[in-house]
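Take a look at the structure set out below.
Treat the numbers as computed from the prediction; the structure is a model and nothing was measured. Letters go in sequence order (proteins before strands), and every chain restarts at 1.
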Amino acid sequence: MPGIIKTEGLSHVYGKGTPFERKALDNIDLEIERGEFIGLIGHTGSGKSTLIQHLNGLLKPTEGRVLVDGKDIWEDIRKVRDIRFRVGLVFQYPEHQLFEETVYKDIAFGPTNMGLEKSEIEERVYEAAEFVGISREQLFRSPFELSGGQKRRAAIAGVIAMRPDVLILDEPTAGLDPAGREEILARIRDYHAIRNTTVILVTHNMEEIARNASRIIVMEKGRIRMTGTAHDVFSHAEDLRDMGLAVPQITQVFLRLREMGLDVDPSVYTVDQAKRKILKMWRDVHA
Amino acid sequence: MLKDITLGQYFPGNTPVHRMDPRMKILLTMGYIVILFVAKGILSYLPIMIWLITAVALSRIKPSVILRGVKPLIFVITLTAVLNMFYTPGTELVKIWVITITYQGVYTAFLMVLRIVMLITGTFLLTYTTSPIALTDGIERLMSPLKAIRVPVHELAMMMTIALRFIPTLIEEADKIMNAQKARGADFETGSIIRRAKALIPLLVPLFISAFRRADELAIAMECRCYRGGEGRTRLRQLNYGPVDVYALIFSVLLWGAAIACRSIAI
């Protein structure tokens, strides 16, 4: 079965023909399988946001193609809008897009645009709200009365309510406190696990990536520089640093330990793994 | 889409034209407009043309960029040309059915087009080579005598500066919100006028909220830095007339003088 999303020679140039011309994407070939949890990382301006806006047809490729389920999304211009219901995109600071009188109506905006039945919309709104942890009572309040973290979750629910096959989130935890971050990530993880939705998570936080993503894509200057599991990617700590990125803090600790002469394998990227490795070493030494 | 709107676009540079005092640039532009309307006959446009070409050449702004400003007005320019061509009485040049084109008509039409194109390109040169901040600074200083009759010159200039400063920010913001709503299936492009107006609500509500939030934050930030109006306020960039301004003034006066002198020479 072909991947759910595929790009072929995708390039994008902003401001073509003006003095401000800038190549944002350069010949991207990418294939994403159904049910994958992709972590997309890259320095600011590396083309991540441009790339994800191509995947749901908000931007039109300057060159190359974007295929969803093996079909070019720009083949029929009238169908591009349907792609946006299948590939849900949550922008950075999505709470800035809330506009309705009640949270309920705001979450219902997407499903309403899909032209669904009223009962179907209601079902989806309740389901999406439950997924992100918005109570029924909050649903009928103004979105502007909610706290920052709740607003963010309500906005994410607005995309989830469309039941997209692919859920793309651009830095969904930016500007939240650690509890709020974990809350949102846990919801996304659950959603991925239960629904088997394909998830693409854009973030600057290496810990978030290490703990969640089944595959990591690293972008630099509009190109894909690396792709692979956390193990593959974080073993190139030097290259990542050159790109203005980092490895998870715990990996940094292990790298330092090895520099200090300890015989440890630095391919560790979560605290859990680190704990097991250290305990194992301890046992080996004392056995 | 929204990004294509150019509002007094500024092209940074370090040419004599860029370095000129904004006050001098504003005054010369005003003088230039007056001269354009005072000039009469092709000969008197010649010195003004030399003035404009020199200014554009010195500013190092590509002629194609300068001419782009003319594009939206092509219709008006053509209409003016055609009307002048047909309705100026004089010696007959061509006669097609009831329409007569006279020699004088062609001549006037040509001068009209020349005048409008020069008017647009000349004034665009001002905004192309002067940053909005410098421009408002210049306007504030030029208008400062009006303070005597209680015109709140500083406040007006500050309002203009802030408005100009936030135009790109708000355009960017509107673009982002539009994309976010499009990602939820909003449709801004099709449907009747009423449908399209309704479709703007999901864009306008968040945009207004963010504009108010920004205004509030900016007001607090200004208060935190003890902003209390124009009284006793000094400037980081002092406006000073330099040699460039003097040269520009002399050059302009000479050429414009020539233009006026040539008025009486008819061909």
Side-chain angles (χ1 to χ4, degrees), chain A residues 14-20 49-50 52-53 55-60 77-78 80-101 105-116 142-144 151 155-162 164 167-170, chain B residues 1-6 9-13 59-69 71 128-129 168-191 195-196 198-214 216-217:
Chain A
Y14 280 118
K16 199 163 187 157
T18 70
F20 307 103
S49 295
T50 311
I52 57 175
Q53 287 185 55
L55 302 186
N56 78 338
L58 277 176
L59 287 175
K60 196 174 178 180
I77 282 204
R78 285 161 297 172
V80 174
R81 214 180 112 198
D82 298 336
I83 292 297
R84 296 184 189 145
F85 301 130
R86 299 202 48 209
V87 181
L89 174 56
V90 180
F91 275 88
Q92 252 176 57
Y93 298 100
E95 61 273 26
H96 291 173
Q97 81 201 21
L98 297 171
F99 70 99
E100 277 286 10
E101 296 150 54
K105 280 191 187 172
D106 208 284
I107 298 177
F109 183 67
T112 309
N113 284 330
M114 292 168 84
L116 298 173
S142 160
F144 304 104
K151 272 189 202 163
I156 293 174
V159 173
I160 286 180
M162 303 191 300
L167 182 63
I168 307 176
L169 301 114
D170 193 355
Chain B
M1 185 189 344
L2 280 168
K3 276 181 195 134
D4 297 336
I5 303 169
T6 52
Q9 199 174 24
Y10 168 59
F11 294 98
S59 74
R60 297 252 178 89
I61 297 209
K62 282 190 208 132
S64 61
V65 175
I66 292 262
L67 284 174
R68 211 186 299 152
K71 234 180 173 178
Y128 281 158
T129 60
T169 315
L170 288 175
I171 289 179
E172 199 180 303
E173 184 102 14
D175 227 27
K176 261 190 210 158
I177 297 168
M178 217 159 164
N179 277 335
Q181 306 299 26
K182 270 195 199 158
R184 294 202 283 164
D187 184 1
F188 295 104
E189 277 124 26
T190 59
R195 260 202 63 177
R196 272 199 234 186
K198 262 187 153 171
L200 283 179
I201 294 172
L203 168 67
L204 291 180
V205 172
L207 192 62
F208 268 84
I209 290 169
S210 106
F212 282 122
R213 193 187 56 234
R214 277 180 203 284
D216 211 34
E217 282 168 5

- [ ] For a side-chain contact (heavy atoms from CB on, under 4.5 Å) with B:Arg184, tell me which candidate from A:Asp106, A:Val90, A:Ile107, A:Thr112 qualifies.
- [x] A:Asp106

Using heavy-atom distances under 4.5 Å, tell me whether [X] contacts chain B through its side chain, its backbone, both, or neither.
X: A:Glu100; answer: neither
X: A:Tyr93; answer: neither
X: A:Leu98; answer: backbone

- [ ] Could I get the full list of side chain to side chain contact (heavy atoms under 4.5 Å, CB included) partners for A:Ile83, not counting sequence neighbours?
- [x] A:Val68, A:Ile73, A:Val87

Task: Top contributor to chain B contacts, counting heavy-atom pairs under 4.5 Å, from A:Met162, A:His96, A:Gln53, A:Met114 - done: A:His96

- [ ] Heavy-atom pairs under 4.5 Å with chain B are the metric here; pick the option from A:Asn113, A:Asp82, A:Val159 that has the most.
- [x] A:Asn113

- [ ] Go through the structure and list residues passing ring-ring contact (aromatic ring centres under 6.0 Å, His included) with A:Phe85, not counting sequence neighbours.
- [x] none

Open item on the list: Treating B:Gln181 as the side-chain partner and A:Gln97 as the backbone partner, does any N or O pair qualify as donor plus acceptor under 3.5 Å?
Closed with: yes

Task: Short side-chain to backbone donor-acceptor contact, A:Arg84 and B:Ala183, under 3.5 Å - done: no

- [ ] Pick whichever of B:Pro202, B:Ala180, B:Pro206 has the most heavy-atom pairs under 4.5 Å with chain A.
- [x] B:Pro202

Task: Proximity breakdown for B:Ile209 and chain A, heavy-atom pairs closer than 4.5 Å - done: side chain

Open item on the list: Please classify the contact between B:Phe208 and chain A as side chain, backbone, both or neither, with a heavy-atom cut-off of under 4.5 Å.
Closed with: neither

Task: Gap separating the NZ atom of B:Lys182 from the CG atom of A:Leu89, nearest 0.5 angstrom - done: 12.0 Å

Open item on the list: Working to the nearest 0.5 angstrom, can you tell me the gap between A:Phe91 CZ and B:Ile177 CD1?
Closed with: 11.0 Å

Task: Over 12 foreign heavy atoms within 6.0 Å of CZ, B:Arg196 - done: yes

